Every structure is written in C-alpha cells, then in structure tokens.
Amino acid sequence: MKRFCTGLFILLKIFFYGSIVCMKQSQLFTKTRKEAPADETSKNAQLLIRAGFVHKELAGVYSYLPLGLRTLNNIVKIIREEMNAIGGQELFMSALQDKELWSRTDRWDDAKVDNWFKTELKSGGETGLGITHEEPLTRIMSEQISSYRDLPVYAYQFQNKFRNELRAKSGVMRGKEFLMKDLYTFSKDEESHMQDYNKVRGAYLKVFERLGIGDKTFITFADGGIFSDFSEEFQTLTESGEDIIYVHEGKKIALNREVYTDENLAKLGINREELVEKKAVEVGNIFHLGTRFSDALGLKYKDEQGNEHPVVMGSYGIGPTRLLGTIIETLSDERGMIWPKEVSPFHVHLVRLGVNEKTVEFADKLYSDLQKAGVEVLYDDRDLRPGEKFADSDLIGIPVRFVVSDKTVEQNKIEVKYRTKTDAEMMSEDEALSILK
RNA sequence: CGGAGUGUAGUGUAACGGCUAACAUUCCUGUUUUGGGAACAGGCGACUCUGGGUUCGAAUCCCAGCACUCCGACCA
C-alpha cells in the first residue's frame with residue numbers, strides 16, 4: 001500500500017510539474033572556474049559566472065545557462081503559484097510596443113520616458129521594446145471588461161523588460177534586459193481596489209518567505225505616487241543594495257530615505273530612535289494607479305444601474321532575475337552560493353568519489369533510486385579528485401550533499417551534509433531519502 | 001550623462017620603446033594518483049580591443065573610437 005501511494009504521488013508530481021529532471025555532471029556542458037573575470041566585481045555576478053549559471057553578453061545583459069535557468073525557473077514557479085493562489089490569470093504580452101498607444105498616455109516622448117529602446121520599422125513608423133505593460137494590458141482589458149460582473153480581474157505575466165539604463169550595475173541586480181513578473185489589478189472602485197491590493201500584498205510576503213529572504217525583507221514606505229501619502233515597496237536588506245532605508249525591527253516595516261521626514265514619522269506614529277539605517281534592494285513594488293490609464297485609454301464598465309465608470313487599477317512588480325541576485329548577495333558564503341530548498345537548481349547533489357566498481361554501482365543505483373523517488377538530483381559522476389568535487393559542490397550551492405565513496409560503501413551508508421553545516425552524518429539510504437521529504 | 005580606472009591565450013597575471021610576447025591555470029595525450037581545487041612528462045591555444053600617429057623599431061608613447069568596471073546623477 002505504501003509503495004502504491006508513493007508511486008501514485010510521483011505520478012501526480014510528474015503530471016503536475018512535468019518530468020523530474022536529473023542530470024549527470026559529466027554531461028553538463030557548463031564548467032566551473034576558479035576565478036571570476038577581473039572586471040566583474042559584484043558578488044552575485046562573480047559566483048554566477050564561476051559556477052556556470054550565466055554568461056554575460058553585454059553590461060547589464062545576461063544569458064541563463066542550464067543551472068542558472070533551473071534556479072530562475074524555480075523562482076518563477078514560486079511566484080506563479082502565489083499569483084495563481086489569489087486568482088491571478090497568466091498571459092503573455094508582446095515585447096514590441098505600439099507607439100500610438102503609448103502616445104495616448106504621454107509615455108512615448110523621450111522627454112517623458114528616457115529609457116526606451118526604440119527602433120525604426122522597415123515598413124515605416126517606429127516601435128519600442130516594452131519597459132512595462134500598463135498600456136497594452138489596459139487596451140486588451142478594454143475589449144474584455146464591460147460590466148461590473150467582469151470585475152475584479154488580476155492578470156499577470158512573466159516577461160523580459162527592456163530599459164535603456166545609463167549605467168547597468170551590480171551584476172544581475174540592475175540590468176538593461178531583465179525578467180519581470182508584472183501583475184495588474186482591475187477593480188470597480190477604490191474600496192474594492194484596496195481589497196485586491198491587500199491580497200497581492202499578502203501574496204508578495206509569501207513569495208519572499210518561500211524564497212528564503214522573508215526575514216530580511218521589509219515592507220517599506222516610499223514616495224506616494226498618485227493618490228496616497230505613501231507607496232509601498234518590498235526591500236531586502238543587503239550591503240549591495242542601492243537604497244537606504246530606515247528599519248523598524250519590531251513592526252517589521254521601514255521607511256525609504258526619500259520619505260524619512262519628521263512629518264512622515266509623525267503620520268506613522270514612529271520615533272526616530274526606533275529606526276536603524278540599512279542598505280537594501282527593492283525586490284518588489286506595488287502601485288495604486290487609480291484611473292490614470294483607464295481614463296486615458298477608455299477602460300470603462302457599467303454598474304448595476306447602467307452608469308459608466310472608469311476601472312480602478314493597480315500594478316505590482318517582482319523581478320525574478322533581481323531576486324536571483326539578491327538571494328546570492330544575502331545567503332552565499334566565501335565558498336559559493338547557498339540556495340534555499342525551493343530555489344535550488346536540484347534537491348540533492350550526489351557526489352561520487354573514486355571509480356571502484358562497487359562504488360560506481362552503489363552511486364548509480366542511488367542515482368536511479370532518487371529519480372524514482374521524485375528527487376531532482378545532480379550526480380557528480382566525474383572522475384576527479386575529491387577536493388575539486390567538493391569545491392564545485394560548495395560553489396553550486398545545492399543545500400544537501402550526498403557523498404558515496406569506497407569508505408561509505410563499505411558501511412553501506414551515505415554521507416549526508418548540508419551546505420550550511422560543517423559536519424556530515426552517515427545515513428542509510430532510507431534515512432537519507434527521508435530527510436528530503 | 002559627469003568623474004575615475006582598466007583593456008595582453010577561455011581565465012588570472014607578466015613583459016625597460018628592442019630576441020620567437022612570458023608564467024600559472026583551463027584544455028588535449030599519457031603515466032601515476034583518489035576525502036577539500038594532486039604529481040610528472042609532452043602538446044594546443046594571442047593579428048596584445050579597433051583605427052590612426054610618433055619611431056629604424058610599439059603590448060609599451062600620443063590621438064580618436066569602442067568595450068568593461070567603479071563613484072555620482074538617473075531609475076514611472
């Protein structure tokens with residue numbers, strides 16, 4: 001019965017998440033390297049490049065290689081799950097943008113928005129690569145929403161955004177092309193907008209919790225924007241951050257330096273002495289948009305009485321690529337990266353030492369048993385010396401390491417070590433499997 | 001966009017204006033080795049960022065451009 005249940009569980013897992021992917025390191029086309037390029041000084045870029053997670057194309061432009069992509073996809077998966085959990089509907093909009101549409105909201109002019117990548121169309125006219133997607137989505141919604149019965153709507157996408165930054169910096173933390181999850185809420189009035197807004201806000205907190213940076217991430221009051229005293233942003237404490245924030249540990253909130261005034265502190269009922277100055281990176285932002293876009297682009301609905309109203313909107317962004325960098329900046333050590341369980345490119349790093357027949361047999365069988373159990377495993381089956389393999393393992397940062405060597409095979413055990421700990425433990429295969437649950 | 005710095009094998013560095021641009025590492029061949037980036041032997045790999053200039057002679061000096069990094073400004 002137990003076996004049947006386990007089998008069923010795995011089948012379900014495969015059904016829902018696609019096949020379990022495992023990999024032999026001897027076949028992985030990326031290599032690790034001892035030294036990072038001299039001109040790459042940010043910690044996240046150095047480690048990502050050394051471990052073969054990314055390749056730098058240009059300043060602020062990175063390609064994601066297999067290990068990097070798997071990690072990034074795990075971040076995306078977590079965000080997607082939390083957006084779906086609050087009723088978000090995923091779509092995928094174009095990167096190429098309609099100039100006419102953006103002119104209607106006065107956001108095409110270089111004097112108003114200066115970080116467009118624009119290009120001439122051979123057929124005549126001009127297009128630009130999407131910096132954000134309020135305009136196109138509002139237009140899409142104007143074809144779909146016409147009644148109060150159609151609201152609210154939460155729509156989101158994952159897409160590369162393009163911003164012609166004057167200066168890219170901090171590795172993947174601030175690029176010219178980067179992955180962004182952008183969600184937009186469409187509500188019938190201010191009151192229901194606030195409910196929708198708070199739902200997304202709650203989902204964001206869950207996302208950062210699952211990403212392993214929850215304790216370092218603070219909801220931070222920032223410059224107000226359109227119709228409130230403050231806007232809120234999510235700031236994660238790290239020395240590599242660009243923002244200065246003032247943290248209230250007790251209340252788990254913070255103020256951005258841009259709103260750090262006596263007047264605002266009074267409004268929030270906080271004393272200056274309770275706050276600590278810290279550097280942080282903005283990992284998420286949430287905005288009240290009011291009716292700015294719906295007014296400009298004619299997104300309206302009819303209420304119960306048949307009266308027409310503009311739709312009230314909100315927009316909410318999280319950058320998965322920036323999060324990847326933030327996790328490295330906050331959690332890595334001098335030996336390499338350390339991935340939280342749900343983010344790690346693999347669940348386990350199986351490291352085989354030596355090439356004795358029995359040892360190879362044991363490790364191969366364990367590899368296949370792990371796959372059968374639905375564990376995603378990176379199997380270091382290369383014939384290298386232990387030091388090099390351990391160094392690679394620490395650099396890549398999978399949270400759990402299983403070592404199989406002549407020594408362990410003799411005892412019919414596996415050496416289990418967590419990336420964050422210094423001591424290892426000998427376990428039977430069953431015990432080792434059970435800690436992965 | 002203002003300021004500063006740096007461009008030499010895949011990577012990290014060296015080379016007084018003067019020999020075939022050197023060393024380490026990576027990579028390839030082989031032998032030996034196997035619990036924290038081993039040892040030995042042999043080998044591949046560079047138009048010294050690009051374009052001009054000075055010079056008998058330029059990786060080296062000068063000018064221009066390009067790229068990258070850092071500080072600042074900017075970041076809906």
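By convention in this document, chain letters (A, B, ...) are assigned in the order of the sequence lines, proteins followed by strands, and residues within each chain are numbered from 1. Computed from a prediction, not measured in an experiment: that's the story for all the values here.
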Please confirm whether any donor atom in the side chain of [X] sits under 3.5 Å from an acceptor in the base of [N], or the reverse.
X	N	answer
A:D39	B:G7	no
A:D223	B:A76	no
A:R401	B:G36	yes

Taking side chain to side chain contact (heavy atoms under 4.5 Å, CB included) as the criterion, tell me which of A:D364, A:V404, A:L370 meets it with A:Y379.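 Result: among A:D364, A:V404, A:L370, A:D364 is the only option passing the side chain to side chain contact (heavy atoms under 4.5 Å, CB included) with A:Y379.
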Go ahead and name the base partner of [N]; Watson-Crick or wobble counts if both distances stay under 3.5 Å, otherwise write none.
N	result
B:A73	none
B:A59	none
B:U29	B:A41
B:U11	B:A24
B:G5	B:C68
B:G36	none

Do the ring planes of [X] and [Y] sit parallel (below 30°), tilted (30 to 60°) or perpendicular (above 60°)?
X	Y	answer
A:F208	A:F234	tilted
A:Y301	A:H309	tilted
A:H193	A:H288	perpendicular

Indicate yes or no: does A:K279 engage A:E242 in a salt bridge with an N to O separation below 4.0 Å. no
Within the pair [X] and [N], is there a side-chain N or O less than 4.0 Å away from OP1 or OP2?
X	N	result
A:R33	B:G37	no
A:K169	B:C74	no
A:R385	B:A38	yes

Which part of the nucleic acid, if any, lies within reach of [X] when heavy atoms closer than 4.0 Å are counted: base, sugar-phosphate only, or nothing?
X	answer
A:T132	base
A:A59	sugar-phosphate
A:E415	base
A:D394	base
A:K112	nothing
A:S405	base
A:S393	nothing

5′-ward residue of the pair A:E388/A:V355 relative to RNA chain B: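 Taking each residue's closest nucleotide, the earlier one in sequence belongs to A:V355.
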Assign each of A:K407 and A:E35 to its nearest nucleotide of RNA chain B by heavy atoms, then name whichever residue's nucleotide is nearer the 5' end.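 Looking at the nearest nucleotide for each, A:E35 comes out on the 5' side.
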I'd like to know whether CD of A:E308 has more than 12 heavy-atom contacts from other residues, nucleotides or ligands below 6.0 angstrom.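 For A:E308, atom CD is crowded (more than 12 foreign heavy atoms under 6.0 Å).
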